[in-house]
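Let me begin by presenting the structure, written as structure tokens, before commenting on it.
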Amino acid sequence: MAPPGATAPASGPTGPTGLSRLAALHGVATSYSPSPDRTVPATDAAVIAALAALDVDASTPEALRRALTAREAELSARLLPPTVVMWQDGPEAPPPWAGLPPGTRVWVETERGERVEFPEVAPQGNRAGGREASPRSGGRAEPRVTPALPLGVHRLRAKTPDNRTATAHLITAPHRLPPPREKTYGILVQLYSLLSRRSWGMGDLGDLAELAAWSGRTLRAGFVQVNPLHAAVPQPSDGPSDSSPYRPSSRRFPDPVHLRVEDIPEYAHLAGEARDLAADLTRRAAALRESVLQQGQLIDRDAVWALKLQALELVREVPLGPGRRAAYNDFLAEHGEDLEDHATWYALAERHGPDWHAWPAPLRDPASPEVARARRELMGRVDFHCRLAWLTDAQLAAAQRSARDAGMDIGLVHDLAVGVHPAGADAWAQRRHFAAGMSTGAPPDAFNARGQDWGLPPWRPDRLAESGYAPYRALLRALLRHAGAIRIDHVMGLFRLWWVPEGRAPTEGTYVQYDADAMLAVLALEAHRAGALVIGEDLGTVEPGVRETLQRRGVLGTSVLWFERDWAGTGRPLPPERWRADCLATATTHDLPSTAARITGEHVQLRDRLGLLTRPAAVEQAAAAADVSEWLALLSRLGMLPGGGGHEQEEIRAVHRFLLATPARMIGVWLPDAVGDRRPQNLPGTWDQYPNWRLPIADAAGRPVTLEELAASPRLHAFMDVFRTRERPRTAPPGARPV
């Protein structure tokens, strides 16, 4: 079905075949496979809408004919695509300009301003795997001398013998990221849920630094993985803000709600009335914290931010010392226009509301004269939001230093959400890089017959390529500043994303391809520069070849115990020796039941109470119990479950003994599992039926547990003995103090 006002394409050159051809030339899929033995065609409406989001009109037969002719002519005339990739230190491969006309001159202007000349392009028949056939050698291929290029993003230039020219971004990246230096384990936690006796009603960066120092020194953990700490959309006037850390306003900068206000150096210099006001805010924050810890209230991010915002306004009035001022100026210079746009959006949101689509029309374009004028008028507020970004960055750096000083080889593992809120700062500042009228999601599958719409605008692959992936590079660089590793949510999105037209059901979407080679090259380059690992969340339906490609580039996968079965054979639990090595292995995630809930079957009871089951409760309960029983039987046979089970705490420990027995390079311990928490942090498929993203860590009885209580918990220490019995390597990371 065509969209309203459009004429459905007729059959023939401009009909379905023509539409398929045009779609293929723009990377838009016309079908998808929910299972290996089934292919589902995408609707014409979905394909036409995706093309329209790429500024390609295929709404009528005539428009389709023009678009197809134009695209074929463009590709035929093009010497080079906008961005090309060269992988270093891997298998020898032809350079990206190998297909240019013979005699073409090629040179590269590196990002450091150097010029590197390459040999002229040889005729196709004279090349063999990077060698050139010479008449003097009887046609045998002889090595060609190819100048080395540094890693980076350069400019490739070419000039053909008939004086045609081409320019492209050239990304040179390491062929493969190195794996972790040794098998290691670490803590997985949603930071907001980790309250200490110093928190202002939710976990903060001071708590993160404390957790890293304690778990590194006492538990010998190698890393702490947290939820996305991206900047959130401010609270609207008519209700609460979106509490999901996976729908941020900006992935480029962290959220100042995570600041430990008392740790800001200027806080100590508050005086007079400002000090009295700060003391009152501290008392109110303590009451907010106790309402969560003692009275069973939910974490209220908006209330926490309201108090912190007032405190930060007071702190801002304290002059920066010369050294602090110099550091702030360096931060401003380093982040430049990106930071200025980010802070401008927040200043405008304070005046006009947090949805830029509802702002006066001239302010919806960040490059407009009206925005420049507003930026000058709101200079004080713009500077305030710039300073918040700087302060948050500084505390993130302190948390990573705390982790490394505690002997952690990796330290902090930051989480990269798959997208941003359509009303937020990134969607406004980078609007030309986002596909208007589109949302990312997932097609129908065996687990969700209606598909999913995540409400996140997708990046335009064409605009990314034209820019040399500049916004993607800047995003990764920012996230990796203070990280030993990053986790990429829905890492399959580097290859393709399901685009859902605005106002349509998720079933009416289609896949759009991204240049995975370029996306992975940028990822490998930035991770290499930061000396960081990369973990891809590759759970669920994964396109054939994706996991193999990620593994080849050194991107670790994610394996959750309950899903690791011999799906191609018996269907039984996969024994430890058959697990993949290049992964982060866990018992659960923030979107799944805790291990205690899964073992006891309480996760089924929860979904039954909320009306989320698709089968009778008894059937679901029996299936869940059979699944757990099969796993416990395997653990018992392997000698990991003394007594054969029946004791919850011992069964949870056995699950983690199993994870340690796999070849997985990283083992993740969900911190709530260590104290028997029953509740998931997020229950997919719910909105207001369940308190997603608002629960503090609790014990088996549902009582909230502070960081201090966690550190002293006998149950936690008995659980962690599973890991502490392993011999800790003697080596420490560079710069780490002896423990």
Side-chain angles (χ1 to χ4, degrees), residues 187-212 215 224-235 240-251 253-263 285-309 311-312 388 392 395-396 399 412-417 421 487 489 588-591 594 670-675 677 679-683 686 690-699 702-710:
I187 303 298
L188 314 180
V189 65
Q190 300 280 290
L191 179 57
Y192 60 83
S193 72
L194 181 70
L195 281 74
S196 73
R197 287 296 173 188
R198 295 183 62 191
S199 304
W200 283 31
M202 62 182 283
D204 60 34
L205 292 171
D207 297 322
L208 179 58
E210 287 282 357
L211 175 66
S215 61
V224 174
Q225 178 181 307
V226 294
N227 56 285
L229 303 182
H230 309 317
V233 175
Q235 181 181 9
S241 62
D242 189 337
S243 55
S244 171
Y246 291 91
R247 275 171 57 85
S249 171
S250 172
R251 297 185 294 174
F253 294 96
D255 196 325
V257 76
H258 299 114
L259 282 168
R260 171 69 62 82
V261 176
E262 298 92 331
D263 288 352
L288 189 60
R289 177 183 64 241
E290 293 309 306
S291 73
V292 175
L293 295 175
Q294 302 298 330
Q295 301 169 28
Q297 298 294 312
L298 298 174
I299 292 170
D300 188 340
R301 180 194 177 281
D302 293 332
V304 173
W305 178 237
L307 294 176
K308 287 191 177 182
L309 181 60
L312 292 165
L388 294 186
T392 313
Q395 290 195 5
L396 278 170
L412 301 185
V413 181
H414 288 298
D415 200 348
L416 175 62
H421 199 291
R487 171 193 179 270
D489 191 37
T588 189
T589 73
H590 59 269
D591 283 334
S594 70
W670 179 237
L671 186 57
D673 271 352
V675 288
D677 198 343
R679 307 160 307 168
Q681 282 293 317
N682 177 52
L683 189 58
T686 62
Y690 185 81
N692 296 316
W693 318 114
R694 291 176 287 167
L695 293 171
I697 294 176
D699 62 17
R703 184 185 67 86
V705 181
T706 65
L707 173 57
E708 293 85 356
E709 290 171 322
L710 279 166

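Scope of the values below: all heavy atoms of this structure, side chains included, with no hydrogens, waters or symmetry mates.
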**Report entry** Audit row: Leu191, Leu208, side chain to side chain contact (heavy atoms under 4.5 Å, CB included) steps and yes/no
**Finding:** CA-CA 7 Å; Leu191 179 57; Leu208 179 58; 3.9 Å; yes
query = Stepwise, does the side chain to side chain contact (heavy atoms under 4.5 Å, CB included) test hold for Asn227 with Gln190?
reply = CA-CA 5 Å; Asn227 56 285; Gln190 300 280 290; 3.3 Å; yes
Worksheet entry | Check against side chain to side chain contact (heavy atoms under 4.5 Å, CB included), Leu205 and Leu229 | CA-CA 10 Å; Leu205 292 171; Leu229 303 182; 4.1 Å; yes
Could you please spell out the steps behind the side chain to side chain contact (heavy atoms under 4.5 Å, CB included) verdict for Val226 and His258? CA-CA 12 Å; Val226 294; His258 299 114; over 6 Å; no
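Partners of Arg487 under the salt bridge (charged side-chain N to carboxylate O under 4.0 Å, His left out) rule, at least two apart in sequence or in another chain, are Asp415, Asp489. Residues that satisfy the salt bridge (charged side-chain N to carboxylate O under 4.0 Å, His left out) test with Glu210, not counting sequence neighbours, are absent from this structure. By the ring pair (Phe, Tyr, Trp, His ring centres under 6.0 Å) test, Tyr246 pairs with His590, Trp693, sequence neighbours left out. Considering only residues two or more places apart in sequence or on other chains, Arg694 meets the salt bridge (charged side-chain N to carboxylate O under 4.0 Å, His left out) condition with none of them.
With a 4.5 Å cut-off on side-chain heavy atoms, Met202 and Val257 count as touching. Between Leu194 and Leu710 the shortest side-chain heavy-atom distance falls below 4.5 Å. Residues Arg260 and Ser196 have side chains in contact (heavy-atom distance under 4.5 Å, counting atoms from C-beta outward).
Screening residues 291-306 for side chain to side chain donor-acceptor pair (under 3.5 Å), with sequence neighbours left out, gives Ser241-Asp302, Asp255-Arg301. Under the salt bridge (charged side-chain N to carboxylate O under 4.0 Å, His left out) criterion, the residue pairs touching residues 286-295 are Arg197-Glu290, with sequence neighbours excluded.
Scanning both residues, Asp204 and Leu259, for their nearest heavy atoms gives CB-O, 4.0 Å. In plain terms, the two heavy atoms of Ala698 and Arg679 that are nearest each other are CB-NH2, 3.0 Å. In this structure, Pro245 and Ala417 approach most closely via the heavy-atom pair O-CB, 4.3 Å. Closest of all the heavy-atom pairs between Asp673 and Ser594 is OD1-CB, 3.6 Å. Scanning both residues, Leu707 and Asp207, for their nearest heavy atoms gives CD2-O, 3.9 Å.
Checking Asn692 against Thr686 by side-chain atom types alone, a donor-acceptor pair falls below 3.5 Å. Side-chain atoms of Trp200 and Glu262 form a donor-acceptor pair, as typed in the model, at a separation below 3.5 Å.
Atoms CG and CD1, on Leu293 and Ile299 in that order, are 9.0 Å from each other to the nearest 0.5 Å. To the nearest 0.5 angstrom, Leu412 atom CG is 7.5 Å from Leu396 atom CG. In this structure, the separation between CG on Leu416 and CZ on Arg251 is 5.0 Å, given to the nearest 0.5 Å. Here the straight-line distance linking atom OG of Ser215 with atom CG of Leu671 works out to 8.5 Å at 0.5 Å rounding.
Of the residues listed (Leu298, Leu195, Val304), the one engaging Val292 in a side-chain contact (heavy atoms from CB on, under 4.5 Å) is Leu195, and it is the only one. The only option from Val705, Ile697, Asp677 that meets the side-chain contact (heavy atoms from CB on, under 4.5 Å) definition with Ser193 turns out to be Ile697.
In this structure, the side chain of Tyr192 does not engage the main chain of Ser243 through any donor-acceptor pair within 3.5 Å.
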